[in-house]
Amino acid sequence: MASSMSGMFPGQQPPGSHPVGGPGGPGQPGFPGTAPRPQGNNTLVDELEASFEACFSSLVSQDYVNGTDQEEIRTGVDQCIQKFLDVARQTECFFLQKRLQLSVQKPEQVVKEDVSELRNELQRKEMLVQKHLTKLHHWQQVLEDLSGQHRKPTDLPPPGPLAFLEQASASLPPAPLKPS
């Protein structure tokens with residue numbers, strides 16, 4: 001297993017990768033609080049981190065802030081970003097190769113991972129359904145409460161042909177009495 005992880009840990013160089021000059025290299029100051037890296041025996045992860053730091057340091061570098069040639073600044077930033085993207089692709093390729101090796105050597109492990117992912121997704125969706133059901137029950141209760149407030153048992157019209165008139169006249173203010 002240790003040989004299958006070559007290139008990812010200190011002292012190992014992945015086949016076909018080229019060291020990337022990280023922070024502390026010419027024209028690329030490191031982040032404050034980070035130690036300069038030795039230029040030999042960079043791993044893929046170290047290269048990715050160094051190129052990421054180089055992207056940020058190029059964006060905040062005083063040379064770029066005070067520079068007057070915008071095209072030179074843009075070119076420098078584009079080169080740093082392109083280097084980061086290249087190393088990110090190499091890293092992705094490394095992990096895809098390891099995933100392929102794992103699927104060939106231990107296919108049952110891949111199936112177990114897939115089953116685990118499906119269980120997690122099912123559990124997440126069950127929780128989502130429960131959340132929506134809770135909201136649905138809440139709003140159904142609110143609607144029932146509102147409809148219950150508008151229609152109380154005492155407000156029901158009495159049976160009979162003049163029920164509507166009786167109910168309407170009950171809501172009118174009393175008529176003033178005539179003096180005789």
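We count residues from 1, following the sequence as given. Keep in mind the model is a prediction, meaning the values are calculated, not measured.
Here K106 does not pair with E113 in a salt bridge; the nearest charged N to carboxylate O distance is not below 4.0 Å. In summary, K83 and D86 do not engage in a salt bridge, as defined by a charged side-chain N under 4.0 Å from a carboxylate O. A salt bridge does not link K112 to E108: none of the charged nitrogens lies less than 4.0 Å from a carboxylate oxygen.
With rounding to the nearest 0.5 Å, the separation of CD in Q140 from CG in L133 is 9.5 Å. The CD atom of Q109 sits 11.5 Å away from the OG atom of S103 when rounded to the nearest 0.5 Å. We find the CG-CE distance between L122 and M127 to be 12.0 Å, quoted to the nearest 0.5 Å. Here the OG1 atom belonging to T75 is positioned 4.5 Å from the CD atom belonging to E71, to the nearest 0.5 angstrom. Here the CH2-CG distance, from W139 to D145, works out to 11.5 Å after rounding to the nearest 0.5 Å. In this structure, CD in Q141 is found 5.0 Å from CD in E144, a value given to the nearest 0.5 Å.
Taking each heavy atom of C55 and C80 in turn, the nearest pair found is SG-O, 3.3 Å. In terms of heavy-atom proximity, V87 sits nearest to S51 at CB-OG, 4.1 Å.
Residues S147 and L143 are not in side-chain contact: their nearest non-hydrogen atoms beyond the backbone lie 4.5 Å or more apart. E47 has its side chain out of reach of T43: every pair of non-hydrogen atoms, C-beta onward, lies at least 4.5 Å apart.
Hydrophobic cluster membership is shared by L44 and F95, with clusters built from Ile, Leu, Val, Met, Phe, Trp and Tyr side chains linked at under 4.5 angstrom. V111 is not connected to L118 by any chain of hydrophobic side-chain contacts under 4.5 Å among Ile, Leu, Val, Met, Phe, Trp and Tyr, and they are in different clusters. Linking ILVMFWY side-chain heavy atoms closer than 4.5 Å, directly or via other members, places F94 and L102 in two distinct hydrophobic clusters. A continuous path of hydrophobic side-chain contacts links L136 to V129 [ILVMFWY only; heavy atoms under 4.5 Å].
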> Should Q123 and E126 be marked as a side chain to side chain contact (heavy atoms under 4.5 Å, CB included) after you check the CA-CA gap, both sets of side-chain angles, and the distance that decides it?
Replying inline: CA-CA 5 Å; Q123 188 177 35; E126 275 293 324; 5.6 Å; no
